[in-house]
Novice: 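I am attaching a structure below and will ask some questions about it afterwards.
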Amino acid sequence: MRPPAPLSSAADTTRGSAVSHPRCYVELCTHLRDAATLGSVGSLLGWDQETYMPPAAAPFRAEQAAAIATLVHERQTSPRLGELIAECEADESLMAEGSETAANIREIRRDYDLATKLPGDLVAELARTGSQAQEAWKSARESNDFPAFAPWLEKMIALTRRKADCCGTPEGGERYDALLNEYEPGARAADIAEVFRPLRERLREFVRDVRENGEEPSDAPLKAKIKTGKQHKIGLAVLEAIGFDLKAGRLDVTTHPFCSGFAPGDTRLTTRYREQHFTDALYSTMHEAGHGLYEQGLPKTLPDESGVGLFGTPLAESISLGIHESQSRMWENFVGRSKSFWKWALPRIAEHTDALADCKAKDMFRAVNRVEPSLIRVEADEGTYNLHVMVRFEIERALLRGDLEVKDVPGVWNEMYREDLGVDVPDDKRGCLQDVHWSFGLVGYFPTYTLGNLYAAQFWEQIVQDIPDLEAGFAEGQFKPLLDWLREKIHRHGRRYRAAELCERITGKPLSPDPLMRHLERRVRPAYGLEPVGV
Ligand code: ZN
């Protein structure tokens, strides 16, 4: 394979007049930027719906969401776009192997082919029903009333089935693959199941072993009471230290934390606070910040005098949700649960509260690396987290296949939690109603969380080889070497490479579950007073 041309993010397209592009490429990028600009308005409305919108605005917000989605879809599927792509593909100066323009046009073609498979009325219906179903989910979750949400879930599953059928099942694959392809291009459900099956066994065994043979860390440091206003200030201090640009972003409060990086200079994070268990908010914030740092590192350039900017094109977008999640889990877990992070963080927290005055970094390290099977995915520890994901993957795959009916979801969910995690689910609020995804029609999304953990662990082994004093630096508040590495190796490339290709380029190996198991050995066993095994 020929080595790719030197990577320059936007440089060779946007600096000065050194490079001028054919008219069709300039027009192509302009067209996509217009669509992305409209899309960013839709995302801003979505962010507002989650944060500050008054409840009575919900029905009309659904109309607004559908109106914008229709406009975006029109642009993404317009015949003119198809013509421009074909013109660019026919221009040899743009299609040189390994060039930035060729990579961009290849991905634009992929998006166009996918988008033109979806009829406009289905897109509008998905947006409208999704917006209503999300409101139904919110109130059903609050009142612990699955039957109230069930008809909406049925509608969304029916719509996602239609969507999958429009996209087309890849040869030898299943309907689920068509949905997965949107989030993790090229991945197959059967391959994922193949990786998940042994991983589930290894995780269950690992969790059982440390809990039976280790000395359980005290969770006393986690119970310190810190007022939410102070937690917010601590969160902002951490964001600043790890390099999240608050002049180009915000931190707000929602039920379900998320990150939306919808425009150049505008990346928004949300978190949620409880006075006790302050680490829930801290780790949610660090998690979303990991997504946010990736968004801020993508080359979302606006056009200069050459007429070309990358915002709106695939080179300014993330590779896949799995790679996105690798970034969030890295900052949350690999950084945030390390002993050196706590050596730095405890004195910073002491500037805001004396609630942790007697706490030592090693106590905090042990407390945040406890493994304990539990009910809520977003609050789960690293040892059990992927078991939560696998339950959802199996359930949604069965719903899509028609092997499972919506009304039976709570029963199956509860049974699987008993089996895999050994916990009894007391109510649906803490069971199958806990996640927002299905209400939006996000089916095929959950497995990317575990793929993210696997990628993060594999990248991490490379990072600590490249930067040997990395973790020692965290204790001094030096997080920049890590961010610089991620910017250089991952962020600036946008969608230039597929996830599997990026993994091979960076680590020299295909994705494997072994680095994640080694990471857990090194991290969790010492927290339980045990020697790491087999690392
Ligand atoms: Zn995430």
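Both counts, for ligands and for their atoms, begin at 1 and track the order of listing. All figures in this text were calculated on a predicted structure; none of them were measured in a lab. Residues take their numbers from the sequence shown, with the count starting at 1.
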Novice: Can the ring centroids of F149 and W438 be said to lie less than 6.0 angstrom from one another?
Specialist: no

Novice: Which ring pair (Phe, Tyr, Trp, His ring centres under 6.0 Å) pairs, counting each pair once, include a residue from residues 279-301, with sequence neighbours left out?
Specialist: H287-H291, H291-H324, Y294-H324, Y294-H491

Novice: Do the side chains of R274 and E379 get nearer than 4.5 Å, heavy atoms only?
Specialist: yes

Novice: Looking at H291, which of its N, O or S atoms is the nearest one to the Zn ion (ligand 1)?
Specialist: NE2

Novice: Using the six-membered ring of Y385, assess whether NZ or CZ of R329 lies under 6.0 Å from its centre and within 45 degrees of the ring axis.
Specialist: yes

Novice: Which single N/O/S atom of E325 lies at minimum distance from the Zn ion (ligand 1)?
Specialist: OE1

Novice: Below 2.8 Å, any N, O or S contact between H287 and the Zn ion (ligand 1)?
Specialist: yes

